[in-house]
Undergrad: 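Have a look at the structure that comes next, please.
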Amino acid sequence: MADDGSVGIITPQHYTFAEPPHELELESGSRLGPVTLAYETYGALDDSKSNAILITHALSGDAHVAGKHQPDDPKPGWWDTMVGPGKAFDTDRYFIICSNVLGGCMGSTGPSSTNPTTGEPYGLEFPVITVGDMVLAQRHLIDHLGIRQLLAVAGGSMGGMQTLEWVTRYPDQVGSAMIIASTHTSGAQQIAFDAVGRHAIQGDRDFQNGRYYGSEGPTQGLGIARMLAHITYLSDESMRLKFGRNLRSADQLKYDFDSEFAVETYLDYQGEQFVNRFDANTYLYVTKAMDYFDIGSKFGSLDDAMKVVASKILVISFSSDWLYPTYFSQDIVYALARQRKNVTYCNIQSDYGHDAFLLEVSTLSKVIGGFLDHMRNPELVRTLTLKADSEADVPPPSAASENIYQGHRVDYDMIVNLVEENSRVLDIGCGDGELLGRLLANKNVQGVGLEVSQGSVVSCIRRGISVIQADIDKGLNALPDQSFDYVILSMTLQVIKKPDLALREMLRVGKKCIVSFPNFGHWRVRWMTFFEGRAPVTRNLPYAWYQTPNRHVLAIDDFRKLCKDLDAHIEREIPLYVGGEARFWPNLFAEEALYVISSGD
């Protein structure tokens with residue numbers, strides 16, 4: 001019987017195709033056939049065949065993503081924490097597929113497979129493959145399963161490369177895609193690490209030019225390659241916390257060259273375990289495929305590659321990943337944004353390094369689970385009754401009896417009325433997505449949020465809001481001019497470091513900008529400052545001076561002057577108080593102000 005949350009006992013399956021003379025045509029120009037892919041499936045395919053998700057694995061992975069093959073297996077599949085009943089990839093709702101890649105050594109055709117021409121293992125006679133070749137083979141499997149369109153393709157590391165190949169090669173066959181801890185191209189650092197690993201294998205005297213089958217093989221070289229690669233999967237902080245300078249089994253140094261430090265013996269273990277399950281030739285071929293990977297090269301540029309994407313995209317990176325640093329993910333995100341594609345981005349804070357995509361289960365589950373919920377039922381986002389549990393950072397305790405951020409937002413009501421239907425909207429500092437949710441439900445906008453807080457980004461994703469995790473204080477350089485009908489900055493101007501830069505960027509990328517802020521010229525603020533002699537605390541400025549997130553204080557007259565300095569045209573000025581518009585002496589009686597501005601050009 002399956003454990004609670006487990007898919008239970010899984011039987012591997014195999015699909016053979018590309019029988020001669022219909023061999024697989026590879027990117028190198030070589031032909032390969034027959035081809036066998038080992039794969040596993042979890043859950044049930046629904047009658048419409050619309051609930052299928054393909055998970056693509058990383059360098060050392062395989063088709064065994066979840067469950068066990070035998071009850072006494074020491075470990076379940078490599079992403080068992082994420083795949084199963086009630087998990088992010090919920091097998092009660094979705095049909096999950098995972099196949100071992102072409103060139104692999106876990107049941108799929110690769111260099112350890114028998115060459116039908118010679119009757120011996122291929123070895124280095126196996127043709128060089130690419131990530132695109134892997135995806136071509138996967139497509140044959142998906143066609144074999146009778147699936148016309150995948151609900152999603154998801155993968156981490158090399159799996160993310162395969163996901164990018166899917167959405168650019170077969171855009172109409174992928175409803176959505178999750179690119180996790182990955183890249184659009186292998187850079188010099190990644191290629192360098194792979195090259196050293198290959199040299200270690202090929203320099204092992206037992207490599208025998210790849211003809212080592214039937215003998216021990218290049219175990220030392222493969223072990224070293226694995227040890228080197230494994231270092232890149234960790235982070236300085238995770239290694240410091242886990243190992244430090246601890247000795248493994250002695251209280252003092254032995255003054256010899258045995259492995260003494262805990263980190264040394266850990267890497268020894270990783271190398272020893274790896275050689276027992278992985279083929280050295282496969283390591284050569286798959287790392288070479290990764291090195292060749294550059295999704296923009298076939299199209300001329302990354303932006304041109306993203307033009308063909310028709311899927312809804314989720315990109316996830318990890319703050320401490322130095323194998324594929326966050327800028328690789330951000331390149332993908334902004335290339336998609338420039339092409340006006342539906343993209344969401346979350347940069348998860350983690351000390352785990354590259355391996356975080358296997359270990360940050362709690363946050364990943366919320367992000368991926370929420371994303372898939374709305375892919376399965378897109379209209380959920382338009383129902384205001386849906387309220388995701390907020391993951392947003394807890395604000396400081398309110399020092400006021402009333403708090404605008406906890407009550408009804410008058411400025412939200414005004415903004416919804418001001419925005420025209422079917423507009424493109426960028427909401428900067430979007431929080432948990434409440435305003436965008438209202439705009440989607442009431443005005444059918446194409447909306448995307450920009451938010452720096454990870455917790456708020458997670459909440460947006462669970463609401464079904466497209467959001468990009470980014471800091472407005474770093475500008476919007478990656479977004480083209482006039483790419484949005486409206487850019488909104490609601491109750492955020494006073495928080496950001498560089499309000500003038502933010503407004504300039506908003507005026508550049510938006511045809512119209514809507515800005516709201518608390519008015520520091522309000523009479524209550526003046527009274528508390530001048531007559532009570534203390535920092536003001538009001539409904540719109542609800543935090544004590546030592547806890548407030550506000551960096552700037554401004555009044556309506558200040559904002560008017562800033563607009564003049566920026567050559568911005570004020571189209572609407574709406575002074576507000578809790579009862580509505582403050583039409584008389586707004587700088588004195590308005591608690592907050594809302595402006596519609598545009599470029600003076």
Side-chain angles (χ1 to χ4, degrees), residues 176 312-317 329-330 332-334 336-338 340-348 363 366-367 370-371 373-375 378 380-384 386-393 395 405 409 411-412 415-416 418-419 422-480 483-493 495-496 502-503 505-506 509-516 549:
S176 65
K312 183 175 180 180
I313 306 293
L314 171 63
V315 180
I316 300 173
S317 61
S329 293
Q330 291 163 356
I332 298 168
V333 170
Y334 287 114
L336 286 161
R338 285 190 290 270
R340 300 190 175 190
K341 304 300 182 179
N342 191 330
V343 59
T344 286
Y345 171 56
C346 184
N347 180 39
I348 297 175
T363 304
K366 292 170 185 174
V367 171
F371 182 78
D373 282 344
H374 290 276
M375 278 306 302
L380 275 178
V381 71
R382 302 187 188 280
T383 58
L384 291 176
L386 178 72
K387 294 285 284 185
D389 295 333
S390 179
E391 299 290 329
D393 297 336
Y405 303 106
R409 293 284 296 267
D411 61 326
Y412 280 6
I415 291 170
V416 171
L418 289 167
V419 172
N422 304 313
S423 301
R424 278 181 53 80
V425 176
L426 174 65
D427 184 6
I428 297 173
C430 65
D432 66 3
E434 180 184 350
L435 175 58
L436 276 174
R438 290 176 63 175
L439 287 168
L440 284 164
N442 294 308
K443 293 298 183 75
N444 195 39
V445 302
Q446 298 177 55
V448 60
L450 193 78
E451 176 58 51
V452 70
S453 161
Q454 175 183 305
S456 294
V457 169
V458 174
S459 289
C460 284
I461 295 170
R462 297 178 74 188
R463 278 182 180 270
I465 302 295
S466 295
V467 60
I468 295 172
Q469 188 169 349
D471 187 352
I472 181 60
D473 281 317
K474 295 182 179 178
L476 302 170
N477 292 336
L479 299 178
S483 51
F484 291 91
D485 297 310
Y486 296 91
V487 180
I488 299 171
L489 188 73
S490 60
M491 291 297 170
T492 306
L493 186 66
V495 175
I496 58 183
L503 285 177
E505 287 288 85
M506 290 171 63
V509 304
K511 298 173 184 176
K512 293 185 179 182
C513 301
I514 301 176
V515 183
S516 66

Undergrad: Determine yes or no for a side-chain-to-main-chain donor-acceptor pair under 3.5 angstrom, with E505 supplying the side chain and G475 the backbone.
TA: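 No; judged by distance alone, with no hydrogens or angles, the pair does not exist.
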Undergrad: With sequence neighbours excluded, tell me which residues meet side chain to side chain donor-acceptor pair (under 3.5 Å) with N477.
TA: none
Undergrad: My understanding is that only residues two or more places apart in sequence, or in another chain, count here; which of them pass side-chain contact (heavy atoms from CB on, under 4.5 Å) with S317?
TA: T326, S329, Y345, N347
Undergrad: According to side chain to side chain donor-acceptor pair (under 3.5 Å), who are the partners of T344, at least two apart in sequence or on a separate chain?
TA: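 Per chain and number, T344 pairs via side chain to side chain donor-acceptor pair (under 3.5 Å) with no residue.
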Undergrad: Check whether any side-chain N or O of T492 sits under 3.5 Å from a backbone N or O of S490 as a donor-acceptor pair, and report yes or no.
TA: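 It does hold such a pair.
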Undergrad: Looking at residues at least two apart in the chain, or sitting in another chain, which of them share a salt bridge (charged side-chain N to carboxylate O under 4.0 Å, His left out) with K474?
TA: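 If we apply the salt bridge (charged side-chain N to carboxylate O under 4.0 Å, His left out) test to K474, skipping adjacent residues, there are no hits.
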Undergrad: With no hydrogens and no angle check, is any side-chain donor or acceptor of S483 less than 3.5 Å from a backbone partner on P480?
TA: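 Looks like yes, one N/O pair under 3.5 Å.
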Undergrad: With a 4.0 Å cut-off, would you call D485 and R424 a salt bridge?
TA: no
Undergrad: Taking the side chain as every heavy atom from C-beta outward, state whether L450 and L476 have any pair of such atoms under 4.5 Å apart.
TA: yes
Undergrad: Could you check whether any side-chain N or O of E451 sits under 3.5 Å from a backbone N or O of C430, counting only pairs where one atom can act as donor and the other as acceptor?
TA: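 Yes; at least one donor-acceptor contact below 3.5 Å.
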Undergrad: By side chain to side chain donor-acceptor pair (under 3.5 Å), which residues pair with R338, not counting sequence neighbours?
TA: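 Scan of R338 (side chain to side chain donor-acceptor pair (under 3.5 Å), adjacent residues dropped) gives D303.
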Undergrad: Say whether, by atom type as modelled, one donor and one acceptor occur between the side chain of R462 and the main chain of K366 under 3.5 angstrom.
TA: no
Undergrad: If we ignore hydrogens and angles and just use 3.5 Å, is the side chain of S466 paired with the main-chain N or O of V343 as donor and acceptor?
TA: no
Undergrad: How far apart are the closest heavy atoms of G449 and L436, and which atoms are they?
TA: N-CD1, 3.5 Å
Undergrad: Not counting sequence neighbours, which residues clear side chain to side chain donor-acceptor pair (under 3.5 Å) with D473? List them please.
TA: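 If we apply the side chain to side chain donor-acceptor pair (under 3.5 Å) test to D473, skipping adjacent residues, there are no hits.
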Undergrad: Tell me the closest heavy-atom pair linking L418 and Y486, and the distance in Å.
TA: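 In terms of heavy atoms, the two residues are closest at O-OH, 3.6 Å.
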Undergrad: Measure across A502 and I472 and return the closest heavy-atom pair with its distance rounded to 0.1 Å.
TA: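 Reported closest heavy-atom pair: CB-CG1, 3.8 Å.
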